[in-house]
Structure formats: C-alpha cells, structure tokens
Engineer: 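The structure's right below; bear with me while I get my questions together.
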Protein chains: 4
Amino acid sequence: MARQLTSKGRQRRSQLINQATRRFASDGYHPTSVADIVGGVGVGKGVFYWYFESKEQLFLEILRDAQKDLRRCQRNSTADLTDPVDRIEGGIRAGVIWMVGNPDLRRLFEFARSEDTFAKAMKVGEATLVSDAAQHLRIAIDAGRIPDRDPQALAHGILGVTNQLTMAYMDHGDGDPAEVGDLVVSICRNGFAGLSDDLTGDSNSPAMTVKPTWSRSV
Amino acid sequence: MARQLTSKGRQRRSQLINQATRRFASDGYHPTSVADIVGGVGVGKGVFYWYFESKEQLFLEILRDAQKDLRRCQRNSTADLTDPVDRIEGGIRAGVIWMVGNPDLRRLFEFARSEDTFAKAMKVGEATLVSDAAQHLRIAIDAGRIPDRDPQALAHGILGVTNQLTMAYMDHGDGDPAEVGDLVVSICRNGFAGLSDDLTGDSNSPAMTVKPTWSRSV
Amino acid sequence: MARQLTSKGRQRRSQLINQATRRFASDGYHPTSVADIVGGVGVGKGVFYWYFESKEQLFLEILRDAQKDLRRCQRNSTADLTDPVDRIEGGIRAGVIWMVGNPDLRRLFEFARSEDTFAKAMKVGEATLVSDAAQHLRIAIDAGRIPDRDPQALAHGILGVTNQLTMAYMDHGDGDPAEVGDLVVSICRNGFAGLSDDLTGDSNSPAMTVKPTWSRSV
Amino acid sequence: MARQLTSKGRQRRSQLINQATRRFASDGYHPTSVADIVGGVGVGKGVFYWYFESKEQLFLEILRDAQKDLRRCQRNSTADLTDPVDRIEGGIRAGVIWMVGNPDLRRLFEFARSEDTFAKAMKVGEATLVSDAAQHLRIAIDAGRIPDRDPQALAHGILGVTNQLTMAYMDHGDGDPAEVGDLVVSICRNGFAGLSDDLTGDSNSPAMTVKPTWSRSV
DNA sequence: AATGAATGAGTCTTCATTCAT
DNA sequence: AATGAATGAAGACTCATTCAT
C-alpha cells in the first residue's frame, strides 16, 4: 500500500475505484464481488490486490474521499459568505447539490450507515458535518438571528431533511437540483408551521412556493 | 410457506424471527448467515427452511411487519385527535417513540433502503407514511392552520428529521424517548429559523428549551 | 414393511405409488423428492415412511411390478398361439402395446438401466424377457421356420428395436399403437435388407407398407 | 466461460472432464458430486467453477462432444464407400465400434435420455444420427438395393439394435468389438426371419454364423 | 394412520484472497 | 504491473429420514 504509482498506474486505480463505486451503488456492497469489479474494468483479479489491500479498505477509501469532497464543497460555497444565516443556507444548498450530483456516493452513504463495519467511519464524517453546521447555528443564535435552541439538534434536523429529500429526488425527481436546494432550505428554515418565506424580510431565499415537479409525485 | 402451524410451531417461528432481527440489526443482513440464526436458537439448519422460504423472504417479512406495526402505532395515537396540527404532531411523536423503542427494526430499515432488493419494499411503506402525513398537512393548510406549501415535501422533511434524530439518539442518547419526540416535533414545526415554541399560542407542545442530554454530545 | 393394511391403507399406498411413478417419470428419480411425492398426494411426510421403507425401495418396487406386468402381458397374448413365429410376433406386439400404454414406466426403465443401484434389478427383468424371446426363437429355428442364428442375439435385437421405436413414438407419435406394433414386427422380422412382408407367404403379419404418421417426422 | 486458457489450464480442464465422465458413468450423474470430481483430480473446489459454469453445463458439454465424436467416426468410416448398402453397414459398424470403445460415454447417453434436462440435447444428436442413416437408406431404396420401406423407421430400428447389443456387450461381452459390429449388421440387415447372410450375394459382410462368446450368456 | 417438526449431513456454488509466472 | 490459476472456507439451501404426539 501507499505504493509509488506511475501515471498509468494512477489511472488504473481510478478506473477500479469508479467501477467499484458504480457497482456498490447499484448492486450493494456485499453483492458486488471483486470479480465483478475487475471484470467490469477488464483486468485480471490480481490487479485489484495490487492497488488495494482489500475490498473493505477500498470501500472505506471511497467513503472517506466522498465525505472529504462533500465537506470541501460545503466549505467552498460558504467561504465568501459572512452572514451566519447565509452560511447555514449556503451549506445546505451545497450539500443538496453534492448529493444530487453524486447519487452513487449518496447511496453508498446510506448503506455504510447501516453496517457496523462502516458505520464508525460514517459517524465520524457525519459528526463533522453536523458540527460544522452547529457552529454556524451557534453564531446565528448568539447574533440573535435565530431563536436560541440546541444547535446540535438543529444541525441533525438539517442533515435529516437533506438526506431524505435528496433520496426522494433521486428516486423520482427530474427537476432542477438547485430547486431542490431551495426546497430543503425552506423546510429547514421554517418547518411545517413556520412563517412562509415571503414574510421573513431578512432573507433572500426563494419563497417556499417553489415546488419542483417531482415533489408532488413522491 | 402458508403452512399449518401448531402452537409450538408458531412459537419457534417467532423465535427465529426475533433471533434474525437481532442479528441482522447488529451484524448486518449479509454478514448474518442462516447458520448464525438457527445456531442462536439452538436448532438444526433445516428448521429455518421449514418456516421460511429463504433468508430474503424472512427479511422482507420482518420489514413488512415492522412497517405495518409502525403505521398502526401512528394511527392509534392520532385516532382520538381532531385538530389537524395535533394529529401531525401526534404522528411524529408516535413515530419517534416507535423507532426509539424498536432500535433493531429502525436499523433494518436503514439497511433495507440501501439495497435494491429491499428498497422496493421499503419505498412502499415509506410512501404510505409520507402520504399519511401529507394528508394531515393538506388539511391543516386548507384550515389555514399552517402556511400553504407542498405537503409531500413537508412530509418528507418530517420523516427525514425523525429518521436522523432517532438514529442519533440510538447512537448516543440516554434520555427519555418522549423528550426526543418533543424535540423532533419542535424542529419539524419551526425549522431552525422559525419562532420559538413559546411564541406559538396555539400549541401545547413543550418549548424547544427541551434538550435531551444526548443532543449535546452528538 | 409387509404391513397389514386396511383397505383405506392399500388405497393410500397406491396413491403414493402412482404419484411417485408420475413424478419420477416426468422429473427424474433424483430430482423428485419424497416431499414432492407426499405433497402431490396431500399428506404428511411421515406417511411415506409408514408405507415404504425408503425412496429407493419404492422405486425398486415400482420397477419390479412393472416388469412383472409387462411379462404377464406378453405371456397372456401368446398363450393361445401355437405357431412359434406367431408367438414371437405376438410377444413383440404385446411388448410394444404395453410400453406405449405405460409411457411413465417405460421412461422409468430408461433411467433405471442407467444407474448402478437399479441396473441390477433391471438386468434381471430384461434377461427374463430376452430369454423368453430366445426360447421361442430357438423353437422356430429348430422347426426350420427361421434361419439358424444365435437366439440370444436375435432376442436382444428385438428388444432394442422395440425400445427404440416405442421411445420415438412416445416422443412424437400420435397414431395407433397397434400400427407401431406392426412396424416393429416388420423391422424385427426382415431387417432393412430383408424381403418385404408381402413376399413371405407364411405370415399373416401386416405388410411393411404400414407407416404410422409419426415415423415420418421422427 | 469462454475463458482464455493457458496450456496448463487446458490440461486441467481435460483432467476434470475425464474425471467427471468416469464418475458420472460409474456412479451416475446425480450421485456424483462436484466434490467427488475435484477430489478425484486433487484440486480445490473452486477450480471446478473456474473451468465450468456448473455441473449441468459440464455434463451437457460432455454429451455434445461425445455426440460430435460419434458422428465424426461414422462419417469418416463411410467417406470412402460408394455403395449405399456398404455405407449403411459401415455406419453401423462404426457406431458399434465407437460405443464399445467408449463405454463411459455410452452409459452417459443412457442416463441423459432418461432425464428431461438432458433429453433435449440427446434428442438432437440422436435425430442427426437417425437422419444420417435414413438418407443412406433412402438412396439404397431408390437404387432398388433394398425393399421400399420407411427409412426413418428403419433407421430407428438400426439405432435400437446397436444400442441394445452394445449395452449387452458392455455388460457381459469379452470378445472382439469388430465381431459385435458384424453381429449388429447381420441382425439389422436380415431381422430374425430374413435370409441368412450367405444367401445374399451382394454383400461381403460376414455370415451370421458369427457368434461372439458373450451373446450366449446374456 | 397420520401429522408437523426436526435433523444434519450433504449439495451446488461463491468469493475474498493468494501465488507463480 | 498484470495474468490465469488455485484455494478452501463459507454460504444458501435440500433432502432422506426420524420422532413425538
């Protein structure tokens, strides 16, 4: 491991990772065999073990990289924002965009959470996400911009809404991913009983009237 | 299948279902072998196939029964309520209570959603839950009790928050399940930016000041 | 075994034998499970072992009975005939009729010959048949009615033609079984190069012009 | 399947085929387990599935190859013959020689005909053989060399005699396979009532006086 | 006579992993 | 860097047979 790879080697490695990601996502981690993966790439079985320690390690690597990437996206998209509420909303939108744009990885997360072997790795990444959001929420609360409630719990709520709606979108949706982001933001902001968006003067977020076509058929 | 069972038979069948549920939840569906299940009950391998068609069918049965039970709980707990918002909140609380009270099944849901073979079955049950909630939301909207926004999307949001917070609770929580219900209701109602609960005169739901111990450590 | 059975018991036993015969014939001996047999009759598994020692013994019993029945048919149909050639031909016809009339048993013979466990039993019965025919052939030879050649070999030839043509008939035929008998007799008598039947004045056997519809499509 | 095999691989594959053929023939297809086969070759269980899709596919391959080989033998041995009757007799002899020389495959045919799964494959090959023979018979008939009778039926008769007598030879015989060929030809030509061979001037086939030792003890 | 229940060895097959080349 | 070959434990599932009731 931590082998010194030539450029061709790095390419092959990526091929395998991509193939594995696709198969894991479509068939499941367990039902996908190493033979499936190397077969899909068209190489011999030994190649797999040249690049990866084991099937499990490969999956963990995919998971870690995905979580890192997701976080990077969220950071990038909030880097320029100064207003705490804007940052929260920006993070939500970035999360939604990423998930909708990486459905395979989104699905992998789903599975990874469900099995002990990988749940630990997932928990770490998720905790980071939650804690990122919670920090922004804390700031917003301290600034009096939102009511004072447990930021951790709120952050979990945001994650839950994001996960659920992206999942539903992936199953049935066909609209603009950006609209899904707006929808998630709207729900996270106001809940089901909160004021409708157009009443909150302090936000430039789109009105909750946004209704992507898919949300009706879900 | 559809066998005529004696009372002893029905007992054994339950034993196997329980054992399987526990193992599936703790080790995962795939890593749990039929041998593990029958071994845990202390019977021969053939017994499993006397009572179940296959490992897969057993899992599907567990899933279906769990979904049915969850729905029944929600229906029961909202049967007496007439106010639409009360019904929504009652449904949320019942859902939370059920999930926290059935952590194994909750975990099984998590896995089932992630693998195509079972995702279909899950989607059906989830769609029912969402549509139940959406109906109540629709009524509340028509009654002018909550702002007019897509009920399906809101229902998904509620489910997402419920799922995420019960999961977090199961991982770290140690407080009163009822308090988790209150917390989920609060987040679902108001979002992160909505009014704090004590400002909403029309509800007797506890204030968001509720903070189960676990929510801080997640 | 050799149990004292009530009339109801004897009935059940027959049911099981019939069911087993049918299944063995259509699916094969090995692929047919005891469960299939009792299931087909609609009784519990224990019943089978009340009436039979084992699956193997049951099969052997079916085999023995069938061979006995076939031989009885041949004897009956030749009992009244005095002319040795008539007896030979009568035996052939009776054999054909029986086989065409008992396709399931015919198929069981086919399998039984192929597996050592049952081949022994089959050999005995077949040897009896061959020896029966050989005796008649011997007499016919001694009487100068047919050329002097090894009766055993001739008898085997007769059996071979009978087996092959009945099999072909069972696969494709739809004509009158009696005609198949005539055909087999004709081939056995004359071979492919022998005189055509109408030239042999000493026989009342139908002419070889007999051509059951199926023989053309085989 | 359709794998790229090294020469060592091809060797191993043959080993497995041979071992399987032997076991299938001596113990039967069903009673022979994959474990028996690989055990007999002295390799791990997985090796079997490296070379073959399944036990069933392997058997079908053995069957197909055997049928092809048998047909090739018959064609080769009749290629030089111009006289239609000679061709018929040559084919018979070649068939007998092949069967006596490949007793394991001969036995496999026997079983394969008896079970639906394989019967289809067998029927095809058998039909080819029959139709080959029928063609020659047709020609001989048109040439006025043999009486005009249904060639298909005659061909079936020939096959039946061949099958039966080779089987009997395999069970008890110990003479020269060539003599069995002569015997089968003789029976097929003349039937039990036909002229004895020495009366047919147009053939150099040995007289029916040929009596392999085994034919007496069958 | 009959049933549901149980057994457990045995079946085919898969698969992560290793290795010689 | 890569391949075909091999391993062997493990997996799901079957089945003839037995037994308590």
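It should be emphasised that the depicted structure is a prediction, and the values quoted were computed from it without experimental measurement. To find a chain, count down the sequence lines: A is the first, B the second, and so on, and within it residues start at 1.
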Engineer: Could you work out, with salt bridge (charged side-chain N to carboxylate O under 4.0 Å, His left out) as the rule, every residue matching Lys123(B), not counting sequence neighbours?
Structural biologist: Asp171(A)

Engineer: Please state whether the phosphate of dG4(F), meaning OP1 or OP2, lies under 4.0 angstrom from any side-chain nitrogen or oxygen of Tyr51(D).
Structural biologist: no

Engineer: Here's a test of your reading of the structure: between Ser54(C) and Tyr29(B), which maps to the more 5' nucleotide of DNA chain F?
Structural biologist: Tyr29(B)

Engineer: Could you state the atom-to-atom distance from CZ of Phe52(B) to P of dT14(F) in whole Å?
Structural biologist: 15 Å

Engineer: Please report, rounded to the nearest Å, how far the C1' atom of dA5(E) is from the CD atom of Gln11(B).
Structural biologist: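 So the two atoms are 13 Å apart, to the nearest Å.
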
Engineer: State whether the side chain of Asp36(D) and the backbone N or O of Ser33(D) hold a donor-acceptor pair below 3.5 Å, judged by distance alone.
Structural biologist: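 Yes, Asp36(D) side chain to Ser33(D) backbone: donor-acceptor pair under 3.5 Å.
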
Engineer: Give the ring-plane orientation class for Tyr29(A) versus Phe118(A), where under 30° counts as parallel, over 60° as perpendicular and anything between as tilted.
Structural biologist: perpendicular

Engineer: What is the distance from atom CG of Asp69(C) to atom CD of Gln67(C), rounded to the nearest 0.5 Å?
Structural biologist: 11.0 Å

Engineer: Once the angle between the rings of Phe111(A) and Phe59(A) is folded into 0 to 90°, is it parallel (under 30°), tilted (30 to 60°) or perpendicular (over 60°)?
Structural biologist: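 Plane angle between 30° and 60°, so tilted.
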
Engineer: Using a cut-off of strictly less than 4.0 Å between a heavy atom of the residue and any atom of DNA chain E, enumerate the qualifying residues of residues 14-26 of chain A by number.
Structural biologist: none

Engineer: So what does the secondary structure string of DNA chain F come out as, 5' to 3', with Watson-Crick or wobble pairs under 3.5 angstrom, [ ] for crossing and | for pairs with another strand?
Structural biologist: .||||||||||||||||||||

Engineer: Please name the pair of heavy atoms, one in Met170(D) and one in Met99(D), separated by the smallest distance, quoted to 0.1 Å.
Structural biologist: SD-O, 4.2 Å

Engineer: Let me know the distance between CZ of Arg10(A) and C1' of dA1(F), rounded to the nearest Å.
Structural biologist: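 Result: 14 Å.
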
Engineer: With a cut-off of less than 4.0 Å, is there a side-chain N or O of Thr6(D) near OP1 or OP2 of dT3(F)?
Structural biologist: no

Engineer: Is a side-chain N or O of Lys45(B) found less than 3.5 angstrom from the main chain of Val34(B), in a donor-acceptor match?
Structural biologist: no

Engineer: When rounded to the nearest Å, what value does the distance between P atoms of dT21(F) and dA1(E) take?
Structural biologist: 22 Å

Engineer: For nucleotides 7-11 of chain F, print each protein N/O atom paired with a nucleotide N/O atom at under 3.5 Å, atom names and distance only.
Structural biologist:
residue : atom : partner  : partner atom : Å
dT7(F)  : OP2  : Gly44(D) : N            : 2.5
dG8(F)  : O6   : Gly46(D) : N            : 3.4

Engineer: In this structure, how many angstroms lie between the C1' atom of dC15(E) and the CZ atom of Phe48(A), rounded?
Structural biologist: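 Taking CZ of Phe48(A) and C1' of dC15(E), I get 12 Å after rounding.
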
Engineer: Among all residues two or more places apart in sequence or in another chain, which pass the salt bridge (charged side-chain N to carboxylate O under 4.0 Å, His left out) test with Asp116(D)?
Structural biologist: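 Asp116(D) satisfies salt bridge (charged side-chain N to carboxylate O under 4.0 Å, His left out) with Lys120(D) once adjacent residues are dropped.
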
Engineer: For the CD atom of Glu110(A) and the CD atom of Glu115(B), what is their distance to the nearest 0.5 Å?
Structural biologist: 12.5 Å

Engineer: Measuring from Phe52(D):CZ to Ile17(D):CD1, what's the distance to the nearest 0.5 Å?
Structural biologist: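 So the gap between those two atoms works out to 4.5 Å.
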
Engineer: Check whether any side-chain N or O of Lys8(D) sits under 4.0 Å from OP1 or OP2 of dT21(E), and answer yes or no.
Structural biologist: no

Engineer: Both Tyr49(D) and Leu5(B) contact DNA chain E. Which one's nearest nucleotide lies toward the 5' end?
Structural biologist: Leu5(B)

Engineer: For residues 8-25 of chain B, which residue pairs pass the salt bridge (charged side-chain N to carboxylate O under 4.0 Å, His left out) check, not counting sequence neighbours?
Structural biologist: Arg13(B)-Glu61(B)

